[in-house]
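I have placed the structure first, in the form of structure tokens, so that the comments after it can refer back to it.
Model, not experiment: these values are computed from the prediction. Values reported hereafter were calculated over all heavy atoms of this structure, with side chains retained and with hydrogens, waters and symmetry mates removed.
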Amino acid sequence: MNVLQGFATASTTRPSNQSLGRVFETRRRALYSGGPSVSPVGFGSYRIGYAKHLGFPQSGQALELAIRKGMNLIDTSSNYGFGQAELLIGKTLGKLINEEIITRENMVIVSKVGYVQGSNLELAKAKEQQLQPFPEMIKFGDEIWHCIHPEFIFDQVERSLNRMNISTIDVYLLHNPEYMLKKFELEGIEVEKAREIFFNRLRESFLALEKLVTLGKIKSYGISSNNLGAPAEEYASVSLKKVHEIALSISDQHHFKVVQFPLNWLEISPVFYDRDEIGETTLSYALKNNIGTMINRPFNAMFNDGLIRLTRPQVKPDELQQLDEGMKIGLQNWSKLAADLERLAKEQLEDVPGYDDATLSQFVISTLAWLPGVTSVLCGARKEEYVKDVEEALARPALTRAKELLYGIYENLEFTT
């Protein structure tokens, strides 16, 4: 099979002349200045692949439908489905390119490096047995390893390119580099020393990524961090300003262009929490400095060491019959919470036309996608009905007061959680 050559550009991702009524296309926005334009919602591939537990074949059908409808941002990682997500993405791209539905240049492909799982873990263990280990490997246990050393980055980018059968990755992210800080915390290293080591290693990673840009393997890079924008007093917090300064220290023509982090109705720090060393929020800093933002976990909020799903449960009658009593009670509680959240959203948006019949998931998508500074919301649209639901959300009127509405929802969540 011929490798899919090319990469996305500003000109090849603009809405086409046939884009009327295609909201994934008409509402695209620039990922960064001079860069490609992306749909306000991107396809998150965390749980897709060729295995039944990864939703196959429905997840592949949903991916294809999303692309056909104009969703042109696909987010993946080397560890998603132990590599199966990248394989499925590559096959789907090839199919639609052969059918002349899209070109490679229409699509913005994002992948990540850092987690060492599946075949990559076997590779890392084999290299250790051969006394040629990947340097600076972080280990939390026999099956939980992590690495962002240049040697590992160079190895992994080739594997991701091969799995997707593409010549260039549009955006390549370091995947949760704060794992290094978490390990240092467990080892009792003083926080300032830990951060000094962390940022020094991050600079070496950035130098490697700049080399990959020069080689044409990637077009831009960044980080995906669950701790980006977290309060500075947290040991493993990651400062966007500091990360950005590292890129600037390499070159004022650096290719650090994109960040990714969680954002939802409960985890709102990147929008409202002013970090002392920045003097503004993480999201506003990104907007001011031309850094594209992709947000993940819009529907999965971490709260009091637990997970709250910000969607209505989708359980078929035959599936319901298979649940035990405990699971049925949990489902009832989830359904009640979802109804309460939906009612709260409707109260907050009661004076906004076009949202009277919106679903809970559509409220979530709209309040996040229209936030100033947010480039794209990543959704795990593993089923065709999920793709259609997101499409309907984007077809509703733009929320010019999205930040105000989000804060209003957040302030009143105590009455519904």
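Put simply, the side chain of K125 gets close to the backbone of D142: a donor and an acceptor are under 3.5 Å apart. Judged purely by atom type and a 3.5 angstrom limit, W265 has no side-chain atom pairing as donor or acceptor with the backbone of Y407. For the pair S269 (side chain) and A230 (backbone), a donor-acceptor distance under 3.5 Å is absent. Listed for the E342 side chain is a donor-acceptor partner under 3.5 Å among the backbone atoms of L360. In this structure, S45 contributes its side chain and D75 its backbone to a donor-acceptor pair below 3.5 Å. Using a distance-only test at 3.5 Å, with no hydrogens or angles considered, no donor-acceptor pair links the side chain of Q5 to the main chain of S167. For R22 (side chain) and R27 (main-chain N/O), no donor-acceptor pair under 3.5 Å exists by modelled atom type.
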Could you give me the CA-CA distance, side-chain angles and deciding distance for F7 and E105, then say whether side-chain contact (heavy atoms from CB on, under 4.5 Å) is met? CA-CA 5 Å; F7 49 85; E105 291 79 7; over 6 Å; no
Begin from the C-alpha positions of H175 and Y115 and carry the test ring pair (Phe, Tyr, Trp, His ring centres under 6.0 Å) through to its verdict. CA-CA 7 Å; H175 203 174; Y115 283 101; 4.7 Å; yes
Go through the steps to decide whether L73 and M294 satisfy the test side-chain contact (heavy atoms from CB on, under 4.5 Å), and finish with yes or no. CA-CA 10 Å; L73 175 63; M294 297 181 291; 3.9 Å; yes
I would like to know whether E392 and R396 meet salt bridge (Lys or Arg N to Asp or Glu O under 4.0 Å); could you show each step before the answer? CA-CA 7 Å; E392 187 175 331; R396 295 180 185 277; 3.0 Å; yes
Going through the checks in order, is the side-chain contact (heavy atoms from CB on, under 4.5 Å) test met by V113 and Y172? CA-CA 8 Å; V113 57; Y172 202 44; 3.3 Å; yes
Between V352 and R401, is a side-chain contact (heavy atoms from CB on, under 4.5 Å) present by the stated rule, with each step listed? CA-CA 10 Å; V352 180; R401 297 186 293 115; 3.8 Å; yes
Verify salt bridge (Lys or Arg N to Asp or Glu O under 4.0 Å) between E196 and R201, making sure each step is shown before the conclusion. CA-CA 9 Å; E196 179 184 356; R201 290 185 180 180; over 6 Å; no
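Looking only at atom types and distance, the side chain of T12 has a donor-acceptor partner in the side chain of T9 under 3.5 Å away. For the 3.5 Å distance criterion, the side chains of E25 and S16 qualify, holding a donor opposite an acceptor. When only modelled atom types and interatomic distance are considered, E86 and N162 share no side-chain donor-acceptor pair under 3.5 Å. Side-chain polar atoms of T400 and W370 form no donor-acceptor pair below 3.5 angstrom. Using a 3.5 Å distance cut-off with no hydrogens or angles, the side chains of S361 and D389 do pair a donor with an acceptor. Side-chain contact check for E234 and N227: no donor-acceptor pair (N or O, by modelled atom type) lies under 3.5 Å. E210 and H254 share no side-chain donor-acceptor pair at under 3.5 Å.
Closest approach of A393 and S366 over heavy atoms only: O-OG, 3.6 Å. The two atoms that bring P313 and L331 nearest to each other are CB-CD1, 3.4 Å, heavy atoms only. Of all heavy-atom pairs between C147 and V116, the closest is N-CG2, 4.0 Å. For the pair L123 and D155, the tightest heavy-atom approach, listed with the atom from each and the gap, is CD2-OD1, 3.7 Å. Closest approach of T13 to N106, counting heavy atoms only: CG2-O, 3.5 Å. In terms of heavy-atom proximity, Q348 sits nearest to G408 at OE1-CA, 3.5 Å.
With contacts defined as side-chain heavy-atom distances shorter than 4.5 Å, the pair L394/V41 qualifies. Considering only heavy atoms from C-beta on, P177 stays 4.5 Å or farther from V238 through its side chain. Side-chain contact between M302 and R297 is present, with at least one heavy-atom pair separated by less than 4.5 Å. Counting heavy atoms from C-beta on, the side chains of Y273 and I268 never come closer than 4.5 Å. Between T168 and I166, every side-chain heavy-atom pair lies at or beyond the 4.5 Å cut-off. When side chains are defined from C-beta on, L266 counts as touching L413, because their heavy atoms get closer than 4.5 Å. Under the 4.5 Å side-chain criterion, counting only non-hydrogen atoms from C-beta, L337 is not in contact with N333. Proximity of K403 to T367: side-chain heavy atoms (C-beta onward) are nowhere separated by under 4.5 Å.
Q260 pairs with exactly one of N176, N296, T293, T375 by the side chain to side chain donor-acceptor pair (under 3.5 Å) rule, that one being N296.
If you take OG on S220 and CG on L212, they are separated by 12.0 Å, rounding to the nearest 0.5 Å. The structure places CE of M180 at 5.5 Å from CD1 of I138, a figure rounded to the nearest 0.5 Å. Atom CZ of F363 sits about 9.5 Å away from atom CG of L399, to the nearest 0.5 Å. For the atom pair M71 CE and L65 CG, the distance stands at 8.5 Å (nearest 0.5 Å). Of the inter-residue distances, the one linking N165 atom CG with L93 atom CG reads 9.5 Å to the nearest 0.5 angstrom.
A salt bridge links R104 with D170: at least one charged nitrogen is closer than 4.0 Å to a carboxylate oxygen. The pair E245-K241 meets the salt-bridge criterion, with a side-chain N (NZ, NE, NH1 or NH2) lying under 4.0 Å from an Asp/Glu carboxylate O. Between E158 and R163 there is no salt bridge, since no side-chain nitrogen of the basic residue lies less than 4.0 Å from a carboxylate oxygen of the acidic one. Salt bridge status for E280 with K288: present, with a side-chain N to carboxylate O gap under 4.0 Å. Using a 4.0 Å cut-off between charged side-chain N and carboxylate O, R68 and E99 make a salt bridge.
Ring geometry for F56 against Y50 counts as tilted: the plane angle lies between 30° and 60°, on a 0 to 90° scale.
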Which atom pairs, one a donor and one an acceptor, fall under 3.5 Å between side chains of residues 186-193 and the rest of the protein, sequence neighbours left out?
| from | atom 1 | to | atom 2 | distance (Å) |
| --- | --- | --- | --- | --- |
| E190 | OE1 | E192 | N | 3.1 |
| E190 | OE1 | K193 | N | 3.0 |
| E190 | OE2 | E192 | N | 3.2 |

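The local environment of CZ in R203 is crowded, with over 12 non-hydrogen atoms from other residues, nucleotides or ligands closer than 6.0 Å. For CZ of F154, the number of neighbouring non-hydrogen atoms (other residues, nucleotides, ligands) closer than 6.0 Å is greater than 12. Within 6.0 Å of the CD atom in E100, the count of heavy atoms belonging to other residues, nucleotides or ligands does not exceed 12. Within a 6.0 Å radius of NZ in K183, more than 12 heavy atoms belonging to other residues, nucleotides or ligands are found. Residue-environment remark: NZ (K217) stays at or below the threshold of 12 foreign heavy atoms within 6.0 Å. No more than 12 heavy atoms of other residues, nucleotides or ligands sit less than 6.0 Å from atom OH of Y46. Summarising the local packing, OH of Y355 is surrounded by more than 12 heavy atoms from other residues, nucleotides or ligands at distances under 6.0 Å. The number of heavy atoms from other shown groups lying within 6.0 Å of NZ (K219) does not exceed 12.
If you look at F184 and Y235, their ring centroids are not closer than 6.0 Å.
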